[in-house]
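Below, chains carry the letters A, B, ... as their sequence lines are ordered, and counting in each starts from 1.
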Amino acid sequence: MGAGEVSICARVKGQEGALLQVQGLGKRYGARIGCADVSFDLWPGEVLGIVGESGSGKSTLLSCLAGHLRPDAGRVMFRTDQGMRDTVAMAEPERRRLARTDWAFVHQHARDGLRMGVSAGGNVGERLMAVGARNYGAIRGAALDWLQRVEIAADRIDDRPSAFSGGMQQRLQIARNLVTGPRLVFMDEPTGGLDVSVQARLLDLLRGLVREMGLSVIIVTHDLAVVRLLADRLMVMKSGRVVEQGLTDQVLDDPQHGYTQLLVSSVLQV
Amino acid sequence: MIEISDLSKAFTLHNQGGAVIPVMAGGALSVARGECVGLVGQSGAGKSTLMRMVYGNYLANGGAILVGGVDVARAAPREIIALRREVLGYVSQFLRVVPRVPTLQVVAEPLLVLGVARDEAEARAAALLARLNIPERLWALSPTTFSGGEQQRVNIARGFAHRYPVLLLDEPTASLDAANREVVLGLIEEAKAGGAAILGIFHDEAARERVCDRLVDVRAFTPKSDPVAA
């Protein structure tokens, strides 16, 4: 990305460069709060971690941000070719187009983000075809390139994901998501349910891709070790609200809120 | 390059009855370009706390920490991220890396993040690793399996890969043999000659004598009336 230098400067200066601006976002399930009063900015190339225990509202928030759930309050402004647009107020077809082009969503369970009956190459190629690619050779070439980038051997291109290990399925899901060159990636517990050694490999891969592609990422997890290694910034949620946010290592090493202090002191050393 | 004034810090332990532990008041010091300032004071006096605050790892409660013109005590996370990428380096005592990543990549990473070409970044990383006597056969392996001394040297190589204008060093020569200690002191002297402002903690007195231009005793920043001390 040639704009890397520019974005670094813009990042320090002012507000003009945010990719995503979330303002007063809220979602209720009847009387119960899913999430409330969530506001933050995300800048190009930034990785934001969202942590909290189950039921804290972090998955609800992610779903609202990604357009899978309709929030009851607030705005989700995303930088498009036509300037900042509220993706909540946007018409459904337009939001779906964003989801296919500028956004990506990596699910915790690879089977939710893959088509299990389609070959590995088909899974990657399908997303390209959804944005208009038609040349078979070019699609297969791109799929092959992406399989290699996520460390899946070329000779597995015609195998179905059901024949893959959990870690491979997750890497395939990442390839399927990133092949269209999105700018913003939502991740829901991407390393959950994987063996520790497989997790490390996936984390390493994700870090490299974030750096090389200049991706902005919002990653929801309950694993503090994962956010320490992956996220620049951290938001801590409890009962649907953000109780603390800041630089990841600062929040983990000098937590200010009682809940964060409890969360950090409750885990084995990370 | 570093300008600290009236810095204060207290820890509030919400889950232990809300106890407030003041650890610093009136902290002040400055480090100019090409200068190395050593922090002294017995263990627990607040040397590491001060270093962590300068790095933005601990939040300040009051005062200012200007690093290259950015007030770390007030800066937004993204400003500190940019500062750490370009201006402010930190060699801690512990290596924290993603398991599985080869040593050469671990050392080259600060340069890659800055957009330096891969071959150039790796060449600089290789030169530093060789200079710090990490055998070449280990470069392709993750440092997580290395001995303590080897990990420390990898950490130092990583800290010196980019020529940061401001550098924080936490015990950079601890647990090193004489030859490697000499290499590290040489790196520090070169960084100073290159104009880097360095703030460090050195228990190794001879090393401190050799590289520090001034010493600051952090006991001067101990809060005076300490209600919790009783």
Side-chain angles (χ1 to χ4, degrees), chain A residues 1-2 4-5 7-13 17-18 40-48 196-208 210-212 214 225-226 228-234 245-262 264-266 270, chain B residues 9-21 23 48-49 51-53 55-61 68-70 72-87 90 92 94 96-102 105-106 108-116 118 121 142 144:
Chain A
M1 241 179 124
E5 299 286 318
S7 72
I8 287 169
C9 300
R11 222 173 281 181
V12 185
K13 266 194 299 182
F40 66 90
D41 289 352
L42 186 72
W43 290 55
E46 258 184 355
V47 179
L48 172 71
V196 176
S197 62
V198 178
Q199 275 190 20
R201 183 175 189 183
L202 195 67
L203 279 177
D204 171 30
L205 178 75
L206 288 173
R207 267 165 66 110
V210 165
R211 188 181 63 224
E212 288 156 22
V226 166
R228 188 187 284 274
L229 291 172
L230 209 54
D232 303 308
R233 288 163 52 206
L234 192 58
Q245 56 177 318
L247 207 58
T248 299
D249 60 283
Q250 180 265 303
V251 173
L252 294 178
D253 294 338
D254 187 17
Q256 305 296 304
H257 191 277
Y259 176 69
T260 317
Q261 292 183 355
L262 193 64
V264 169
S265 64
S266 303
V270 291
Chain B
K9 173 72 183 164
F11 291 104
T12 305
L13 308 178
H14 293 287
N15 300 299
Q16 291 174 53
V20 177
I21 307 184
V23 293
S48 292
T49 298
M51 292 267 275
R52 283 168 172 257
M53 286 164 81
Y55 197 58
N57 179 234
Y58 280 3
L59 278 186
N61 291 104
V70 174
V72 175
R74 273 170 236 280
R78 70 176 58 88
E79 295 177 275
I80 296 178
I81 292 164
L83 191 74
R84 287 179 178 182
R85 189 169 41 224
E86 292 151 59
V87 176
Y90 181 36
S92 72
F94 307 100
R96 178 126 52 189
V97 294
V98 179
R100 197 188 89 104
V101 179
Q105 298 307 314
V106 166
E109 198 191 12
L111 293 170
L112 295 174
V113 168
L114 280 168
V116 173
R118 180 168 288 277
S142 164
T144 44

Once you round to the nearest 0.5 Å, how far does CG of A/Leu247 lie from CD1 of B/Ile80? 5.5 Å
Are any of the side-chain nitrogens in B/Arg84 or A/Asp249 under 4.0 Å away from the carboxylate oxygens of its partner? yes
In terms of heavy-atom pairs under 4.5 Å with chain A, the winner among B/Leu112, B/Val97, B/Val101, B/Leu13 is B/Leu112
Atom pair NE2/OG1 of A/His257 and B/Thr12 - distance to nearest 0.5 Å: 12.5 Å
Has the side chain of A/Asp204 got a donor or acceptor atom that lies under 3.5 Å from a matching backbone atom of B/Pro99? no
Answer with side chain, backbone, both or neither: which region of A/Arg201 has an atom nearer than 4.5 Å to a non-hydrogen atom of chain B? both
With a 4.5 Å heavy-atom cut-off, do A/Arg233 and B/Ile81 have their side chains touching? yes
Rounded to the nearest 0.5 Å, how far apart are CZ of B/Arg78 and CG of A/Leu48? 10.0 Å
Is a side-chain N or O of A/Asp254 found less than 3.5 angstrom from the main chain of B/Leu59, in a donor-acceptor match? yes
Could you tell me which portion of A/Gln245 (side chain, backbone, both or neither) has an atom closer than 4.5 angstrom to a non-hydrogen atom of chain B? neither
With rounding to the nearest 0.5 angstrom, report the CD to CD distance, A/Gln261 to B/Gln16. 8.5 Å
Rounded to the nearest 0.5 Å, how far does CD of A/Gln256 lie from NE2 of B/His14? 7.0 Å
